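Notes follow once the structure below has been shown.
As the structure is a prediction and not an experimental result, all values here were calculated from the model.
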Amino acid sequence: MATNAEILPFHHQTILTFQTAAALTNYGGVGGGSSGISTASQLAAAWSMEDHLFQQTELPVLTRSTHHMLRFAPYAIPHRPQLQPIPPALYLQHAAAAAAVHAQHHHNLQQRTTSPASPSPTEGYHISNLFPEILELIFNELSVCDLGRAAQVCTAWRDVAYSKSIWKGVEAKLHLKRSSPSLFNCLVKRGIKKVQILSLRRSLKDLVLSVPALNSLNLSGCFNVTDVNLGHAFSVDLPNLKILDLSLCKQITDTSLGRIAQHLKNLQTLDLGGCCNITNTGLLLIAWGLKKLKHLNLRSCCISDQGIGHLAGLNKATAEGNLELEFLGLQDCNRLSDEALGHIAQGLTSLKSINLSFCLSITDSGLKHLARMPKLEQLNLNSCDNISDIGMAYLTESGSNLNSLDVSFCVKISDQALTHIAQGLYQLRSLSLNHCQITDHGILKIAKALPELEHLNIGQCEGITDKGLQTLAEELLNLKTIDLYGCNKLSSKGIDVIVKLPKLIELNLGLWLKR
């Protein structure tokens, strides 16, 4: 086996040979000369004197270093005596070829440095050369987090990322713990007009004054918001503020509504859901000052029929009312009766949607009033225990334009109610009948009369079987969503039929255990 001491002299000899081969290559290219022949003869003599080295290792090979420079390197492998000694002339041919390759490589490097340079990253089609308008279109597709990361790439991207058009419609979610003038300036620079306060430990006044273009303020769930906080914030007119969410701010009272009615004249959406200290007096203030209001949520507020009368403007001497109102949420207002529905039908004629869910005092008679409202499109009667089949008959007498009806958990609703619906509510696109006393017979009625129905909820209706699903699959070809939660009389056969509906997007089979 050849040792390192034996290989190293050989390696040194190859370097000398490389130089000699280069000289021979030049000689051959020029056309001849005695110096080339002499050098070749001397190399052959040197080769003869060191011939024993060829017998200790294999022929060196051409390799590339990490810098792509050609060199010779021997194989570091054991001596193999069966190999024949390599003649010096053959080795000369290898060396000459290597020198030619090296010369060509060196020539290419020189040519590359002298030739016209390829376009630098700042030229041509590099992303950094995109027009700002193109970058804006790209950045408009990014989330807020990704947009923040893109702004840190370079100053050009930062400037584009600060464009107001990119932040249009974005809602900033803030923790107001201390004074932050730089934060408010940042919101103004980006043109942000919507703010949600996640926690509040300081005055709101700095925010509403520092961001004059603010048009949406969400304080939902800020339990520590009081009348004092809102009094300081709304001490001046805020003509741009149009959306205010105070849901679950349980400490606010009618006093805050007085401030709001006085200084937020252009308010269009007001959410007071869960504000249990709001009374009829607060509704009088709303009816007096917020004439442009279109969306009002009063869920779980302590109000009665009299307060609804204020909103309807029944007493023009005290308040003109909110006659432009389009949505009214009265969920869980248990003090309301059928009289309140009479006030609504008389004064709030622009109403398109009303939520009366969990209003236990509403009866079938109250639905007579709602049937007279030609613009009413959505009606939620979920868990109104006193609504029955008769109420559905009243609702369909005047040819209502309802496109969405929810009577879920109205335990007095049966197949007869579906017969009335099929005879008068032809515009329905969404119908919720969860936990109603209906069967396949009632399903047949609505399937035949409402071919345009898109959303049907019949969860926990234990009278529905595979036969009813077969009817739905044959008639309601436009159905997109269906809720079969808890319908335990269905089998896999019925499910296989309903899933073949061509436009079906969502199917709820929760608690479907029996087959």
Got a second to check how far D389's CG is from C410's SG, nearest 0.5 Å?
-> 10.5 Å
Return yes when atom CD of E452 has more than 12 non-hydrogen atoms of other residues, nucleotides or ligands closer than 6.0 Å, and no otherwise.
->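 Correct, the count exceeds 12.
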Give a yes or no on whether the backbone of [Y] and the side-chain of [X] come within a donor-acceptor separation of less than 3.5 Å.
| X | Y | value |
| --- | --- | --- |
| K265 | A261 | yes |
| D332 | R299 | no |
| N508 | Y485 | no |
| E462 | N488 | no |
| R190 | V188 | no |

With side chains defined as the heavy atoms from C-beta onward, is the minimum distance between [X] and [Y] less than 4.5 Å?
| X | Y | answer |
| --- | --- | --- |
| I354 | M373 | no |
| V497 | L469 | no |
| V160 | I138 | no |
| D406 | Q378 | no |
| S304 | N280 | yes |
| L207 | I197 | yes |
| L147 | V170 | no |
| N322 | H310 | no |

Kindly determine whether I446 and L428 satisfy side chain to side chain contact (heavy atoms under 4.5 Å, CB included), including the steps that lead there.
-> CA-CA 10 Å; I446 62 171; L428 276 183; over 6 Å; no
Flag the pair K493 and D496 as a salt bridge only when some basic side-chain nitrogen lies within less than 4.0 angstrom of an acidic carboxylate oxygen.
->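 So K493 does not pair with D496 through a salt bridge.
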Run the salt-bridge test on K448 and E475 with the 4.0 Å N-O cut-off and return the result as yes or no.
->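 Answer for the salt bridge query: yes.
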Only one of [options] clears side-chain contact (heavy atoms from CB on, under 4.5 Å) with [X]; which?
| X | options | value |
| --- | --- | --- |
| H420 | T396, L425, I390 | T396 |
| L214 | L238, N240, I192, V195 | V195 |
| I413 | Q437, M392, H435 | M392 |

Any side-chain donor near an acceptor of the partner, [X] and [Y], under 3.5 Å:
| X | Y | value |
| --- | --- | --- |
| N277 | T253 | no |
| S182 | N185 | no |
| S357 | S383 | no |
| T363 | N386 | no |

Kindly give the heavy-atom pair with the smallest separation between A151 and R158, and that separation in Å.
-> O-CB, 3.3 Å
Show your reasoning for whether side chain to side chain contact (heavy atoms under 4.5 Å, CB included) applies to N266 and L241.
-> CA-CA 7 Å; N266 293 326; L241 194 59; over 6 Å; no
Under the side chain to side chain contact (heavy atoms under 4.5 Å, CB included) rule, what do I498 and L490 come out as? Steps first, then yes or no, please.
-> CA-CA 11 Å; I498 205 69; L490 302 179; over 6 Å; no
Passes side-chain hydrogen bond (donor to acceptor under 3.5 Å, both in side chains), K242 versus N215? Steps please.
-> CA-CA 5 Å; K242 297 181 179 180; N215 67 12; over 6 Å; no
Evaluate the criterion side chain to side chain contact (heavy atoms under 4.5 Å, CB included) for residue pair R259 and L230; output intermediate values, then yes/no.
-> CA-CA 8 Å; R259 287 283 191 177; L230 297 183; 5.9 Å; no
